[in-house]
Chemist: 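Pasting a structure below so you can have a look.
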Amino acid sequence: MRNMWNDFQSSLFLFYKYVTRGNKVTLTLTILMATLAFIQINIVHGILSGAVNLIYSQTKSNYVGNIVIQPGKDQWGNKEQYITQVERLKRKINAIPGIIGCSARYSTGAIIEYDPDKTGKDIRSISWPVKSINPQDEMRISELHNCMLAGQYLDESDRDQVIMGREVSGGYGASLEVQSLKGVNIGDEVTVFYHNGVVRKYTVKGIYATVFPLADMTIFVTQKEMESVLGLRDRASEIIIRTDEAYPEAYYIEDLRKAGVELQDIRPWQDFIGLVLGIVQSFDIIKKIILFIGLIVAGVTIFIVIFIATISRRKQIGIMKAIGMKESIIVTSYILLALFYATIGISLGMAIIEFILKPYFIAHPLVFPMGKVSLLIVRSEFLTSIASMIAVSIVAGLIPSWQVSRENIIKAIWG
Amino acid sequence: MIEVKDLQKTYTGKVPVHALKGVSFDIPSGQFVALMGPSGSGKSTLLHQLALLDTPTSGGILLDGVDILSLSQHAATDFRLRHMGYVFQEYALIPELNAIENAFLPLMLLGIHRKEYIRIAGDLMDKVGLSDRLHHLISELSGGEQQRVAIARALVNKSKILFADEPCANLDTENKGIVLRLLRKLCNELGQTILMVTHEPEQREFADRVLWLRDGRLEKEEYISKDTQEEALHNGYRTDISSDPDYLKDD
Ligand SMILES: Nc1ncnc2c1ncn2[C@@H]1O[C@H](COP(=O)(O)OP(=O)(O)OP(=O)(O)O)[C@@H](O)[C@H]1O
Ligand SMILES: [Mg+2]
């Protein structure tokens with residue numbers, strides 16, 4: 001033990017001298033490369049994580065909220081069509097601490113017709129879901145009211161007006177033009193053929209666009225209107241809940257169950273992001289590739305520097321061995337050098353990310369189609385990048401120095 | 001102190017080279033031996049075998065009673081560190097270390113306390129006449145000074161055996177004189193056993209005894225008289241006269 005400590009001190013001594021008496025340009029450039037590699041890894045990770053985070057938060061604010069309640073099963077195990085006693089349920093839900101709001105929606109299939117010149121010659125007709133909202137409740141749980149491209153959001157008392165997503169109306173930069181009504185504007189009249197046979201004419205009050213094409217494929221009427229169409233009261237197809245996100249969704253779901261929301265099917269938003277998950281998974285692959293490339297860049301740089309340092313000191317290394325220095329002391333001294341490059345590189349990288357890049361991205365976020373993305377440094381990924389960089393530098397220091405220092409002394413000195 | 005018995009070394013390769021063809025000799029403690037012979041006669045090879053830098057093909061070597069050929073690689077490294085010093089032809093110092101750091105390196109490896117090794121190395125640097133160069137970098141020292149640092153490093157472990165392979169080959173006349181006188185003094189004052197390879201016949205006069213090697217065999221040996229030694233110690237490799245033309249004219 002004492003021996004090992006003494007050996008380590010000798011390695012430390014040599015390492016210290018390599019740094020203080022070695023070539024400063026090499027030292028600076030190597031550290032610079034390590035810094036850049038580290039920043040590169042974490043910046044790309046940070047942007048991708050930021051993008052994923054944006055997608056998630058958009059999912060919650062525009063699509064499914066934090067928690068979705070759907071009808072439970074009846075006594076025969078069949079899914080019920082509606083949630084019942086909705087007003088009572090809403091009161092229970094809103095009483096739970098940490099829940100910001102909830103919104104009950106009806107949802108039903110319908111065929112929507114649009115006759116632009118009112119001659120019956122060019123009737124455009126599509127089949128999309130029609131949903132109802134209580135505009136006041138909805139404002140607490142989604143950004144819909146802030147997503148109006150044209151016209152106005154619904155008022156509680158509106159009976160003969162609808163708002164529709166741009167994927168339904170067409171125009172306004174919609175991405176699925178073919179399946180839309182191809183050019184409905186506010187003030188136009190559309191006819192809705194509900195599945196139960198009821199037919200109503202509505203004036204288009206507003207057109208909205210969230211960042212989700214999926215969420216933009218809906219027509220909204222008011223709750224009052226829908227209840228009159230369906231002839232129902234106090235029911236809902238789904239209840240969307242927003243929480244303050246102080247805890248994971250599972251906590252609130254448990255609170256909901258405790259509060260008596262038992263029969264219904266309660267799910268967190270994660271259950272509804274199948275589509276998004278594909279994107280997140282490909283981001284994860286990109287992250288791994290970037291990490292790999294960054295580690296290769298840093299590792300190879302350090303490897304080359306240590307390789308050149310040891311190859312050009314072959315003779316000195318032979319001499320150190322000849323005077324009785326153990327190979328392990330020599331190898332350790334170069335591993336320490338490699339670790340030094342890496343840790344200084346990492347530290348500088350951390351400082352640059354923290355004090356320059358993060359503030360920069362907050363001031364100048366990247367503008368993605370989904371919204372603004374700034375750096376989101378995920379702790380576990382950050383720590384992984386640090387740990388793997390350190391591991392790589394150890395290998396990059398070990399291999400060349402070990403190869404040179406195990407060489408035959410005579411060959412090293414005279415060969 | 002050094003006992004060599006029927007030492008043979010054959011370098012295997014495309015053409016095997018029989019560098020040592022059975023060499024035997026004893027060197028008592030405190031003797032300064034010069035090893036001479038034509039180029040290729042096996043001088044360096046012999047020294048490498050003795051200093052555990054290479055493994056002989058056959059034969060035996062006892063250093064201070066230790067059968068060094070039976071040592072494991074690890075033990076051999078340790079033996080080199082504790083019991084011998086080696087001076088190379090080129091000033092084989094570590095460029096990142098300054099003069100005294102090079103000198104105390106073996107003591108540091110031995111785990112000796114810092115204060116202690118600085119003192120010991122300092123004393124030795126004084127002995128080799130470099131007490132005013134302790135903190136110079138190697139690149140700031142002359143060839144002779146570097147070689148003296150290397151000698152200090154070789155002696156710092158207080159080993160009784162010093163090997164030197166043409167330690168003066170790269171030095172000018174003045175520095176040759178300094179180094180040879182230093183070796184002679186170390187032998188006289190510290191009782192150091194020295195085995196030095198050399199090319200130049202004048203250098204052997206600083207030694208007690210000369211072993212002549214030819215074609216891998218011991219050819220002859222010669223003892224140097226005390227008078228010759230004294231003469232060499234005082235006048236050998238003196239440059240004061242020849243390097244100063246004015247002084248020559250006056251004489
Ligand atoms: N590593 C080696 N591989 C093969 N042959 C070698 C090796 N080292 C030395 N020899 C050969 O062994 C013989 C003795 O070499 P050695 O270096 O011992 O001679 P030397 O007496 O030191 O000569 P010099 O005065 O030129 O230094 C030479 O013929 C040389 O070519
Ligand atoms: Mg030789």
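Letters A, B, ... are given to chains in the order of the sequence lines, protein chains preceding strands, and every chain is numbered from 1.
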Chemist: A quick test of your reading: do over 12 heavy atoms of other residues, nucleotides or ligands sit less than 6.0 Å from CZ of Phe292(A)?
Modeler: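 No, the 6.0 Å shell around CZ holds no more than 12 heavy atoms from other groups.
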Chemist: If you count the non-hydrogen atoms of other residues, nucleotides and ligands that lie under 6.0 Å from NE2 in His364(A), is the total more than 12?
Modeler: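 Enclosed.
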Chemist: Quick one, Glu101(B) and Arg21(A) - any side-chain contact, counting heavy atoms below 4.5 Å?
Modeler: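 Side chain of Glu101(B) against side chain of Arg21(A), heavy atoms only: contact under 4.5 Å found.
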Chemist: Specify the closest pair of heavy atoms between Arg153(B) and Ile319(A), including all atoms of both residues, with the distance to one decimal.
Modeler: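 Smallest interatomic distance, heavy atoms only, reads NH2-CG2, 3.6 Å.
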Chemist: Other residues, nucleotides and ligands only: do more than 12 of their heavy atoms fall within 6.0 Å of NZ on Lys21(B)?
Modeler: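 Atom NZ in Lys21(B) is packed in, count exceeds 12.
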Chemist: Measure across Leu53(B) and Ala322(A) and return the closest heavy-atom pair with its distance rounded to 0.1 Å.
Modeler: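 Smallest heavy-atom distance, with atoms named: CD2-CB, 3.7 Å.
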Chemist: Do His48(B) and Trp414(A) have side chains that approach each other closer than 4.5 Å (heavy atoms only, starting at C-beta)?
Modeler: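 A side-chain contact exists here, since the closest heavy-atom pair is under 4.5 Å.
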Chemist: For a 4.5 angstrom cut-off between non-hydrogen side-chain atoms, does Gln9(A) reach Met108(B)?
Modeler: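 They are not in side-chain contact.
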Chemist: Identify the residue among Arg313(A), Gln316(A), Lys17(A) that makes a side-chain hydrogen bond (donor to acceptor under 3.5 Å, both in side chains) with Glu96(B).
Modeler: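 Testing Glu96(B) for a side-chain hydrogen bond (donor to acceptor under 3.5 Å, both in side chains) against Arg313(A), Gln316(A), Lys17(A) leaves exactly one candidate, Arg313(A).
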Chemist: Nearest 0.5 Å please: distance from the CG atom of Leu105(B) over to the CE atom of Met325(A).
Modeler: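 Leu105(B) atom CG to Met325(A) atom CE measures 4.0 Å (nearest 0.5 Å).
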Chemist: Taking atom NE2 of His199(B) as the centre, does the number of heavy atoms from other residues, nucleotides or ligands within less than 6.0 Å exceed 12?
Modeler: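 For His199(B), atom NE2 is crowded (more than 12 foreign heavy atoms under 6.0 Å).
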Chemist: Which one wins on heavy-atom pair count under 4.5 Å against chain A: Leu81(B), Leu52(B), Asp54(B), Asp78(B)?
Modeler: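 Most pairs with chain A among the choices: Leu81(B).
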Chemist: Is Phe368(A) atom CZ crowded by more than 12 heavy atoms from other residues, nucleotides or ligands, each under 6.0 Å away?
Modeler: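 It does: Phe368(A) CZ has more than 12 such atoms within range.
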Chemist: Examine whether an atom of Asn98(B) lies under 4.5 Å from a heavy atom of chain A, and if so say whether it belongs to the side chain, the backbone or both; otherwise answer neither.
Modeler: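 For Asn98(B), the contact with chain A is made by backbone and side chain together.
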Chemist: Counting only heavy atoms not in Lys24(A) (residues, nucleotides, ligands), do more than 12 fall under 6.0 Å from its NZ?
Modeler: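 More than 12 within 6.0 Å, yes.
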Chemist: Between atom CD1 of Ile94(B) and atom CD1 of Ile317(A), what is the distance when rounded to the nearest 0.5 Å?
Modeler: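 Here the interatomic distance stands at 9.0 Å.
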Chemist: Which distance, rounded to the nearest 0.5 Å, do you find between the CG of Leu109(B) and the CG of Asn6(A)?
Modeler: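 If I round to the nearest 0.5 Å, the distance is 7.5 Å.
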Chemist: Please classify the contact between Ile413(A) and chain B as side chain, backbone, both or neither, with a heavy-atom cut-off of under 4.5 Å.
Modeler: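 Looking at Ile413(A), just its side chain touches chain B.
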Chemist: Heavy atoms only, distances under 4.5 angstrom: which of Arg82(B), Arg80(B), Met84(B) has the most pairs with chain A? Name it, please.
Modeler: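 Highest number of pairs under 4.5 Å: Arg80(B).
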Chemist: Atom CZ of residue position Phe307(A) - does it have more than 12 heavy atoms of other residues, nucleotides or ligands inside 6.0 Å?
Modeler: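 Not buried by this count: 12 neighbours or fewer within 6.0 Å.
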Chemist: For chain B, which residues from residues 376-411 of chain A lie under 4.5 Å away (heavy-atom distances)?
Modeler: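 Checking residues 376-411 of chain A against chain B gives Ile409(A), Ile410(A).
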